[in-house]
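The next block holds one structure in the form of structure tokens; read it before the comments.
Naming convention: chains lettered A, B, ... in sequence-line order (proteins, then strands); numbering from 1 in each chain. Hydrogens, waters and symmetry mates play no part in the numbers below; they use all other heavy atoms, side chains included.
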Amino acid sequence: MIACQGVSYHYERTKKGIENVEFDTSEGNIIGIIGENGAGKSTLFKCLLGLYKPQEGQITYKDKPISYSRKGLVELRQHVNMVLQDPERQLFYNGIFDEIAMGPRNIGKTEPEVKQIVDQCIKMIHGEDFLLTPVQYLSFGQKKRVSLAGILALSCDVLLLDEPETGLDPMMQREMITIIRQLAEEGKKVILSSHNMELIYDVCDTVYVMHQGTIISKGPTDEIMEQTHIMKKAGLERPLMIKAAEAMGIKPHTLAMKMKTVNRKESIDTEEKS
Amino acid sequence: MIACQGVSYHYERTKKGIENVEFDTSEGNIIGIIGENGAGKSTLFKCLLGLYKPQEGQITYKDKPISYSRKGLVELRQHVNMVLQDPERQLFYNGIFDEIAMGPRNIGKTEPEVKQIVDQCIKMIHGEDFLLTPVQYLSFGQKKRVSLAGILALSCDVLLLDEPETGLDPMMQREMITIIRQLAEEGKKVILSSHNMELIYDVCDTVYVMHQGTIISKGPTDEIMEQTHIMKKAGLERPLMIKAAEAMGIKPHTLAMKMKTVNRKESIDTEEKS
Amino acid sequence: MIHIDAIAYQSRWNDKYNITRISLILCWLVTMLLLNNLIFYMGSIVISISLTLVISQLNAIQYLKIVRVPLGFVFFTCLVLVPFIAHEIPFDFIRGFQFAGLWIGISEDSLKLAVQTLIRAMASINVLMFLSLTIPLQGLIKWMRFVHIPDAFTELFILTYRFIFVLIGIATELVLSQELRFGFFGVKNSTKSVISVASSLFIKAMERLGDLEASMELRFFTDEREK
Amino acid sequence: MSSIAFLPIQLSYGMHIAEGFLPQIWSLFWSIAFLPFLILSIRYITKQFRLNPKNRMLYVLMAAFAFTLSSLKIPSLAGSCSHPTGMGLGAIIVGPLPMMAIGTVVLLLQALLIAHGGLTTLGANAFSMAVVGPLVSFGLYKGLEKMGVSQKIRVFIAAFVGSLSTYLVTSIQLGIAFSGGNIIETVVKFIGVFMVTQVPISLAEGLLTVVVFNLMSDA
């Protein structure tokens, strides 16, 4: 849906930025963008959102170049939007309802519509339990989900997530993964950046590897992440799963299948006990 | 060196906190504390630092109960200190030298002594390259290292690290691990809390598992982390390494040994290429 | 715009002769004001801009972009100086009209005043830019210690210098997240959002207070003054 | 480096008198007029730092907050060339005396980092923003308290009038310096010209201060 053709954006003085980036969402519903800090991931995100206007190349949404007029950007962001990494910096209200309702209200939805949208979003983030808790008493993971709901309320079809797992403990990470998968099943494109290779390996269909502002590789996640030289060049490490499989002399896929059995057994065990 | 005997601390308003915690550093040089968000990890840290005074039980340093007098606390914190998770909350100066020198200066070291201490600390964090850069222009990983150096400058023997890997990309995480190992080799006790089970599994000798304010298990890292029911109860997941080993029907230790070979081979490959 | 700080930090000599340079520039600024001489002002403009460009390694366009805003503001305020308001027609009256018993218009004197002020301000601003684009604040802090500005004030200055970057980081994200949810869509939303950003920022700043206090205590900051 | 250097920050001009704008006599006059207040304030904060080290970070955050407000880019707020100062808020929270030093630090940083205000005009700017503004805000807040006015209205009036008084004093400073014999008329001229931006800004300042107070009492 959203795509970049030869996009370059350089910051004025430091000359850093992104260079000749080709990006599209045609393959896969969950797309990962990986790379070191400073590799250009967030610059790319900002270009996709129309926050930065590329000096070269163009960004298209549904094959039409995006318009940088005020109106064009408002239009774009109803389809493409982003959840920031730190929820503390995107929650403005004490009440969760008001928080989620903010976006829809700003574009002039009526209160009954707003109510309906918020109810839906609460369901998506599994937030019915804490709907009435004031925001400041929520746990970090709950805050993160509320900030996601605030963006879901705009019912966009492309969702950028900046390090969605950072700061979450393992259980909450798993919950976040479930939500991401659900969103993808509903037909949204989810684009996520993360430092957690296991997460990317686990949820992404396609992965883009960035290094010093350029995309040095793209393709199906398992194929890309197995390649030591690409990962090394990007300053990353292959996921443990792949390394473990290599150590055992089997295919990562085989190990992944076996792991699934282990995970399933584990959750059954726990359920029986509880 | 530092130990807790039956320590309880409850927050006035929420009644949450920690309950009857037994903790010591006799086994192992790198000690991990794991648990969900809100399990009491940071409350325990604050008690160990004398920031909170336990309502029950006592905290001893070198077998002597710590004194909560102004002088006693200053004394304690020259031996036991903490690096916060978010460097932005810890860095006070724009100049790195002043930042690292702050602790030593405050306890009345002379300028030549301070200079020597700072030089040493810069070396430990491999920070010679960015010594003259103002803090606001450092990357997140560099800031994190500077905040570590600011505490190292107090040359304490027990170091508490709160999520030392959060927000770092894989390479910087590895650098942080190297630094942690070095500190342990120099004879310091490092106590770290983290959500990253792979990190804990990788570097810690001993691990404490916290759940709802109590310590539900402690022991050698590999033994504890293999136990599904403990990890589940604490809302955590076993490290991937252990799960992978289980899936393959081998011992985690065997897998770990094989992985080491893979890692070594990988770094040799890269060195040859570069 | 805060990148003035980044430019100063990257300039040549960013760590050299700071105390001398600051003292000289301050003398320059004051002398210029005291002499109040047109030729001296013009000379100052030329010299200060050339020196700034050489030392800061900016090109002319980059420099213009930076001074554009303060100079534009000065120009606007000088425009306000041009029309005089008086009870009687001044002798050097050029053009004007009478309104409610008062004369409003332009006189030679008021025009001259505006032009003089503009030139004086332009000269001074360029000298100030010379200081701020070529000497990092770290240098100014050294200078403040050198001339024995009271400790408490210097301390306040140093710590504020550090924490503006922290707060600007937070504020930038707050603005971004408002922007993404159409917070600046329309005048009514904008006003609401500005207040929303500002108040969130204040609350976040106050929340930091607790952490910072702990962090100060851990490194004995609190004991410094008791010695 | 890029992340800091290119923050979406722009200059938003408040009522600060630019560097070199005032004739030398008036630069000197306002600097001297302001000096005793600064000395008093520095003495006060020195004592406060010693008394309770926690005050240090409180003051620092007040100053950093005021600076950040002035350097924030608020997109498409058409016609605005000014910003709230946060001085009224500070005066109500910590009192007017420390605000004089805090305001001076803010003005210094604004002059050096965003070329807003100046060094030779620091005295004049500080007199209006760091002395008169906080004094008026604090005085009104305490005065209205005695008259039994509700908290919200008190806070609003204190911040609103405090901000207005800063702009009035600046207009007077400019009026006197450029009067050409017609002081009152010239002062009125400046008041009239800057009213367009300063009244809405003062209203925003008042509203902001009320909102922050509500949030603080909720938390």
For a 4.5 angstrom cut-off between non-hydrogen side-chain atoms, does [X] reach [Y]?
{"X": "C/Ile125", "Y": "D/Phe21", "answer": "no"}
{"X": "C/Ser124", "Y": "D/Thr120", "answer": "no"}
{"X": "C/Val80", "Y": "D/Phe178", "answer": "no"}

Interface moiety of C/Leu128 toward chain D, non-hydrogen atoms closer than 4.5 Å | side chain
To the nearest 0.5 angstrom, please state how far the [atom1] atom of [X] sits from the [atom2] atom of [Y].
{"X": "D/Met57", "Y": "C/Met216", "atom1": "CE", "atom2": "CE", "answer": "6.5 Å"}
{"X": "D/Ile42", "Y": "C/Leu156", "atom1": "CD1", "atom2": "CG", "answer": "9.0 Å"}
{"X": "D/Leu61", "Y": "C/Leu167", "atom1": "CG", "atom2": "CG", "answer": "6.5 Å"}
{"X": "D/Arg56", "Y": "C/Leu212", "atom1": "CZ", "atom2": "CG", "answer": "12.0 Å"}
{"X": "C/Tyr161", "Y": "D/Phe67", "atom1": "OH", "atom2": "CZ", "answer": "10.0 Å"}
{"X": "D/Leu22", "Y": "C/Arg120", "atom1": "CG", "atom2": "CZ", "answer": "7.5 Å"}

Atom group of D/Leu38 that falls short of 4.5 Å from chain C, counting heavy atoms =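 Side chain only.
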Can you name the closest pair of heavy atoms from C/Ser199 and D/Leu208 and give their distance?
-> N-CD1, 3.6 Å
Would you list the pairs meeting side chain to side chain donor-acceptor pair (under 3.5 Å) in which at least one residue belongs to residues 106-119 of chain C, sequence neighbours left out?
-> C/Ser107-C/Ser110
Answer yes or no: does atom CD1 of C/Ile149 have more than 12 heavy-atom neighbours from other residues, nucleotides or ligands under 6.0 Å?
-> yes
Check the surroundings of atom CZ in C/Phe75: do more than 12 heavy atoms from other residues, nucleotides or ligands lie under 6.0 Å from it?
-> no
Write out, in numerical order, the residues from residues 86-98 of chain D with a heavy atom short of 4.5 Å from a heavy atom in chain C.
-> D/Leu89, D/Ile93
Most chain D-contacting option - heavy-atom pairs closer than 4.5 Å, from [options]:
{"options": "C/Leu140, C/Leu81, C/Val74, C/Leu34", "answer": "C/Leu81"}
{"options": "C/Ile135, C/Leu131, C/Thr77", "answer": "C/Thr77"}
{"options": "C/Leu176, C/Leu113, C/Ile170", "answer": "C/Leu113"}
{"options": "C/Cys78, C/Ala171, C/Ser132, C/Ala121", "answer": "C/Ala121"}

Would you please go through residues 21-31 of chain C and name the residues with a non-hydrogen atom below 4.5 Å from one of chain D, in numerical order?
->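 Counting heavy atoms that sit under 4.5 Å from chain D, the residues of residues 21-31 of chain C involved are C/Leu26, C/Leu29.
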Residues forming a ring pair (Phe, Tyr, Trp, His ring centres under 6.0 Å) with C/Tyr41, sequence neighbours excluded = none
Could you please spell out the steps behind the side chain to side chain contact (heavy atoms under 4.5 Å, CB included) verdict for C/Thr160 and D/Ile102?
-> CA-CA 9 Å; C/Thr160 306; D/Ile102 291 171; over 6 Å; no
